[in-house]
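Everything numeric in this text was worked out from a predicted model, so none of it was measured.
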Amino acid sequence: MEMITNVTEYEAIAKEKLPKMVYDYYASGAEDQWTLNENRNAFSRILFRPRILVDVSKIDLTTTVLGFKISMPIMIAPTAMQKLAHPEGELATARAASAAGTIMTLSSCASSSVEEVASTGSDIRFFQLYVLKDRNVVAQLVRRAERAGFKAIALTVDTPILGHREADIKNRLTLPLNLVLKNFEGLDLGKLDKDIKWLQSITSLPILVKGVLTVEDTRIAIQAGAAGIIVSNHGARQLDYVPATIMALEEVVKAAQGKIPVFLDSGIRRGTDVFKALALGAAGVFIGRPVVFSLAADGEAGVRKVLQMLRDELELTMALSGCRSLKEITRDHVVTEWDRPKFSPKL
């Protein structure tokens with residue numbers, strides 16, 4: 001493990017260690033998986049415009065998210081059933097996030113309960129939620145998250161029904177008998193429904209709306225009182241042929257008009273990716289698959305190393321781009337496909 005030099009190397013190790021059904025569950029996307037590949041490829045089409053002649057001997061990566069100060073703009077996205085990857089599951093991830101001084105988002109479909117995760121220490125954590133038809137169930141989950149000290153709700157709004165994930169169908173994905181969705185134990189579940197206003201009526205926690213890709217939905221989320229938006233395509237697991245999140249980001253940022261922060265998930269594998277997202281207006285990013293793959297490969301130590309590598313790469317990118325703090329990262333530091341002239345000027 002000490003020879004690992006970048007985040008993507010953990011995926012091959014996870015593929016070797018995990019049962020095929022589990023690896024495919026984590027790795028696969030919807031249908032043709034075009035968006036799954038595009039989530040990564042789109043980053044490679046954004047180039048840097050580095051500024052030199054700047055004293056970068058001191059680099060500050062700290063930032064504030066919903067009023068909470070964290071060590072860097074890299075946080076952990078909700079991923080389900082982490083005990084499929086490692087026996088310690090979400091508890092190992094929570095400890096790694098704490099050690100890195102950043103935020104973990106716990107999936108409501110976790111294999112560890114909010115209480116179990118809270119027992120690892122009083123750190124800043126968010127709770128991901130699907131709004132179910134049975135509002136009594138939702139209210140119970142929210143109250144438990146509040147009591148366990150979670151600081152915000154990440155409301156996933158892109159999953160009225162599940163996407164068509166062919167690998168899971170072929171593998172006949174089922175949970176091992178020793179694993180349960182701990183937060184839903186003993187609860188009667190209905191179908192998914194979205195209602196930000198109702199959720200605000202039962203909790204004072206800020207609500208991040210996760211799964212927005214368009215101007216129209218950005219405006220609706222703001223009107224409904226969202227505290228922030230996470231530009232997400234559910235890791236390309238829902239609707240195939242939607243844009244990569246990095247391609248949709250700037251549209252959402254412009255629509256938000258600075259009223260609320262905009263974050264991004266899906267496709268982050270390098271510190272350079274984080275920098276590009278920040279340059280296009282993101283207030284921070286969330287990582288998903290790198291966490292479960294490193295967890296599968298090396299438990300808590302793997303997740304710690306992923307967070308450290310991304311931090312180190314972001315710091316290096318900032319230094320080589322002439323940015324001493326996150327505030328100094330601007331739109332002028334990147335050039336995208338839509339910036340470039342269609343025809344080269346005649347000399």
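Every pair passing side-chain hydrogen bond (donor to acceptor under 3.5 Å, both in side chains) that includes a residue from residues 318-327 is listed here, sequence neighbours excluded: R324-E328. Sequence neighbours left out, the pairs with a member in residues 201-222 that pass salt bridge (charged side-chain N to carboxylate O under 4.0 Å, His left out) are K210-D265. Pairs of residues two or more places apart, or lying in two chains, never qualify as salt bridge (charged side-chain N to carboxylate O under 4.0 Å, His left out) while including a residue from residues 146-156. Counting only residues at least two apart or on different chains, the ring-ring contact (aromatic ring centres under 6.0 Å, His included) pairs with a member in residues 225-256 are W34-Y241.
Between E300 and the choices R95, H86, K305, the side chain to side chain donor-acceptor pair (under 3.5 Å) rule is met once, by R95.
Q308 places no side-chain N or O within 3.5 Å of a backbone atom of R304 that could act as its donor or acceptor partner. Using a distance-only test at 3.5 Å, with no hydrogens or angles considered, a donor-acceptor pair links the side chain of E90 to the main chain of S112. Put simply, the side chain of R311 gets close to the backbone of S71: a donor and an acceptor are under 3.5 Å apart. Judged by distance alone, with hydrogens and angles left aside, the side-chain atoms of R237 form a donor-acceptor pair with the main-chain N or O of S28 at under 3.5 Å.
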Subject >> Verdict with supporting geometry, F150 and Q128, side chain to side chain contact (heavy atoms under 4.5 Å, CB included) >> reply: CA-CA 10 Å; F150 284 68; Q128 177 272 334; over 6 Å; no
**OP:** Would you sort out whether L84 and Y26 count as a side chain to side chain contact (heavy atoms under 4.5 Å, CB included), showing the intermediate values?
**Re:** CA-CA 10 Å; L84 288 175; Y26 287 140; 3.4 Å; yes
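Here the CD1 atom belonging to I287 is positioned 9.0 Å from the CD1 atom belonging to I268, to the nearest 0.5 angstrom. Annotation: the span from I246 atom CD1 to R40 atom CZ amounts to 10.5 Å, rounded to 0.5 Å. Here the straight-line distance linking atom OH of Y25 with atom NZ of K20 works out to 15.5 Å at 0.5 Å rounding. Separation of atoms OG (S266) and CG (L249) is listed at 11.5 Å; rounding is to 0.5 Å. Atom OG1 of T93 is separated from atom CD of E88 by 9.5 Å, given to the nearest 0.5 angstrom.
Note on V142 and V209: same hydrophobic cluster, where clusters join Ile, Leu, Val, Met, Phe, Trp and Tyr whose side-chain heavy atoms are under 4.5 Å apart, directly or indirectly. I46 and M318 fall within the same hydrophobic cluster, defined by Ile, Leu, Val, Met, Phe, Trp and Tyr side-chain heavy atoms under 4.5 Å apart, directly or through other members. L208 and V285 are members of different hydrophobic clusters when ILVMFWY side chains are connected at heavy-atom separations under 4.5 Å. Residue V114 is grouped with residue L141 when hydrophobic side chains (ILVMFWY) are merged at heavy-atom distances under 4.5 angstrom, including chains of intermediate members. In this structure, L280 is a member of the same hydrophobic cluster as I260, with clusters built from ILVMFWY side-chain heavy atoms closer than 4.5 Å.
In R49, the CZ atom is not crowded: 12 or fewer heavy atoms of neighbouring residues, nucleotides or ligands sit closer than 6.0 Å.
A heavy-atom distance below 4.5 Å is found between the side chains of I207 and Q200. By the 4.5 Å heavy-atom criterion applied to side chains, I76 and L307 are counted as neighbours. R270 places a side-chain heavy atom less than 4.5 Å from the side chain of N6. With a 4.5 Å cut-off on side-chain heavy atoms, Y23 and E11 count as touching.
In terms of the side-chain hydrogen bond (donor to acceptor under 3.5 Å, both in side chains) criterion, S119 has no residue partners (sequence neighbours excluded). Listed by chain and number, the residues in a side-chain hydrogen bond (donor to acceptor under 3.5 Å, both in side chains) with S98 are D123 (sequence neighbours excluded).
Side-chain atoms of S44 and N41 include no donor-acceptor pair closer than 3.5 Å.
A salt bridge is defined here as a Lys NZ or Arg NE, NH1 or NH2 lying under 4.0 Å from an Asp or Glu carboxylate O, and R45 with E38 meets this definition.
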